[in-house]
Amino acid sequence: MAYERIHTSLSKGIETITLDYGPTLNALDMVMAGELAEALEEAEGNPEVKVLVLAGAGRAFSAGGDIRYMKAHCDEPDFSKKSMAPLAGKLSEIVLYMKKMRKIIICAVAGAAAGGAANLAFACDFIFAADDAKFLQAFVGIGLCPDTGGVYFLPRMVGSHRAFDMFVTGRPVKAEEAREMGLVKQVTSREELMPVVMGFAEKLTEGPLLAYGNMKRLMFESMYKGFEDYMKAEAVYLAQCSGSEDFKEGITAFLEKRKPVFKGK
């Protein structure tokens with residue numbers, strides 16, 4: 001199937017879904033989110049697909065939200081309800097679906113995985129990172145709380161104190177620190193990233209796929225059972241933030257490459 005923002009390929013039982021829209025550094029807009037959701041559903045239902053790989057083309061895995069789009073539309077009436085809420089809702093559906101999928105998903109991150117894109121990576125079952133990878137909970141810089149399930153995933157992966165530090169500071173966590181924190185399975189050079197990922201995926205295709213699928217189901221029962229209820233709260237708080245003066249100041253300052261002056265309202 002032809003897509004605008006992603007492309008897919010299938011080889012040796014491994015479906016690779018690549019975020020691929022250079023003009024926005026693979027930003028997670030509604031078009032990309034819709035295509036990603038469709039590709040995931042097709043892969044889950046395809047018996048030829050045994051393992052999934054999620055990657056990003058170009059300089060970055062993904063820049064997260066499309067801030068230029070946000071700035072262009074943030075003064076429109078009901079911007080939060082009409083623009084931010086549908087996208088956040090779609091991304092929430094995607095990460096919940098990923099956690100409920102029977103098939104293992106491996107994420108390959110090169111360059112930046114920012115904001116919602118970092119949380120998209122965290123929704124995968126394994127993350128491999130190039131040595132130039134960095135993970136940023138960049139929401140604080142534009143006056144938002146995290147979306148895409150980040151506040152649910154990250155504390156369960158690295159502990160509440162480390163997670164809260166990442167949320168509040170928005171600092172970049174580079175590949176080696178991410179490995180030490182347990183976010184990343186392995187760090188490689190950028191050139192070796194995809195060969196290493198595909199080698200690991202190929203080994204998984206030879207394993208007991210039914211058992212893998214049931215392991216994922218049990219992981220969901222033990223770790224993520226409350227995820228759907230959490231998403232309802234996330235939507236409420238994100239709507240509050242995306243309608244705030246601080247959000248408009250944050251995205252303006254980001255595009256003007258200056259430090260934002262927040263007022264707490």
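Under a 3.5 Å cut-off, the side chain of Asn119 and the backbone N or O of Asp147 do form a donor-acceptor pair. Looking only at distances, a side-chain donor or acceptor of Glu44 sits under 3.5 Å from a matching main-chain atom of Arg102. Distance alone, capped at 3.5 Å, is enough to place a donor-acceptor pair between the Asp246 side chain and the Lys263 backbone. Panel note: side chain Glu35, backbone Arg5; a donor-acceptor pair is recorded below 3.5 Å. Between the side chain of Lys216 and the backbone N or O of Lys103 there is at least one donor-acceptor pair closer than 3.5 Å. At least one donor-acceptor pair under 3.5 Å links the side chain of Glu249 to the backbone N or O of Val261.
For Glu48, the CD atom sits in a loose shell: 12 or fewer heavy atoms of surrounding residues, nucleotides or ligands are nearer than 6.0 Å. The neighbour count for Arg59 CZ, taken as heavy atoms of other residues, nucleotides or ligands under 6.0 Å away, does not exceed 12. In Arg190, the CZ atom is crowded: over 12 heavy atoms of neighbouring residues, nucleotides or ligands sit closer than 6.0 Å.
In this structure the side chain of Phe61 reaches within 4.5 angstrom of the side chain of Cys107, judged on heavy atoms. Within the 4.5 Å cutoff, the side chain of Lys100 has heavy atoms near those of the Leu96 side chain. Side-chain contact check for Glu38 versus Tyr3: some heavy-atom pair is nearer than 4.5 Å. When side chains are defined from C-beta on, Tyr237 counts as touching Gln240, because their heavy atoms get closer than 4.5 Å. Considering only heavy atoms from C-beta on, Val109 stays 4.5 Å or farther from Phe128 through its side chain. Considering only heavy atoms from C-beta on, Glu202 stays 4.5 Å or farther from Val51 through its side chain. Within the 4.5 Å cutoff, the side chain of Phe247 has no heavy atoms near those of the Cys241 side chain. Taking 4.5 Å as the limit, some side-chain heavy atom of Leu238 sits within range of a side-chain heavy atom of Leu144.
Linking Ile, Leu, Val, Met, Phe, Trp and Tyr residues whenever their side-chain heavy atoms come within less than 4.5 Å leaves Ile104 and Met157 in two separate clusters. Residues Phe122 and Ile94 share a hydrophobic cluster, clusters being chains of Ile/Leu/Val/Met/Phe/Trp/Tyr side chains in contact below 4.5 Å. Criterion: ILVMFWY side-chain heavy atoms under 4.5 Å apart, direct or through other members. Under it, Val173 and Val158 are part of a common hydrophobic cluster.
Closest heavy-atom contact between Val168 and Val140: O-CG2, 3.5 Å.
Taking the six-membered ring for Trp and the full ring otherwise, the centers of Tyr230 and Tyr224 sit at least 6.0 Å from each other.
For the atom pair Cys124 SG and Lys99 NZ, the distance stands at 8.0 Å (nearest 0.5 Å). Separation of atoms CG (Asp20) and CG (Asn26) is listed at 6.0 Å; rounding is to 0.5 Å. Distance CG/Leu52 to CG/Leu204: 11.5 Å, rounded to 0.5 Å. For the atom pair CG of Leu91 and CG of Leu28, the computed distance is 5.5 Å after rounding to the nearest 0.5 Å. Here CD of Glu93 is found 11.0 Å from CD of Glu228. Values are rounded to the nearest 0.5 Å. Atoms NE2 and CG, on His7 and Leu19 in that order, are 9.5 Å from each other to the nearest 0.5 Å.
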Applying side chain to side chain contact (heavy atoms under 4.5 Å, CB included) to Phe153 and Val95, what does each step give before you reach the verdict? CA-CA 10 Å; Phe153 292 137; Val95 293; 4.0 Å; yes
Does Met215 form a side chain to side chain contact (heavy atoms under 4.5 Å, CB included) with Tyr212? I'd like the steps, not just the answer. CA-CA 5 Å; Met215 288 174 194; Tyr212 291 162; 4.3 Å; yes
Worked verdict on Leu183 versus Leu154 for side chain to side chain contact (heavy atoms under 4.5 Å, CB included): CA-CA 9 Å; Leu183 286 172; Leu154 197 54; 3.6 Å; yes
Let me see the working for Met98 and Leu120 under side chain to side chain contact (heavy atoms under 4.5 Å, CB included), right down to the final yes or no. CA-CA 9 Å; Met98 289 166 68; Leu120 182 67; 3.7 Å; yes
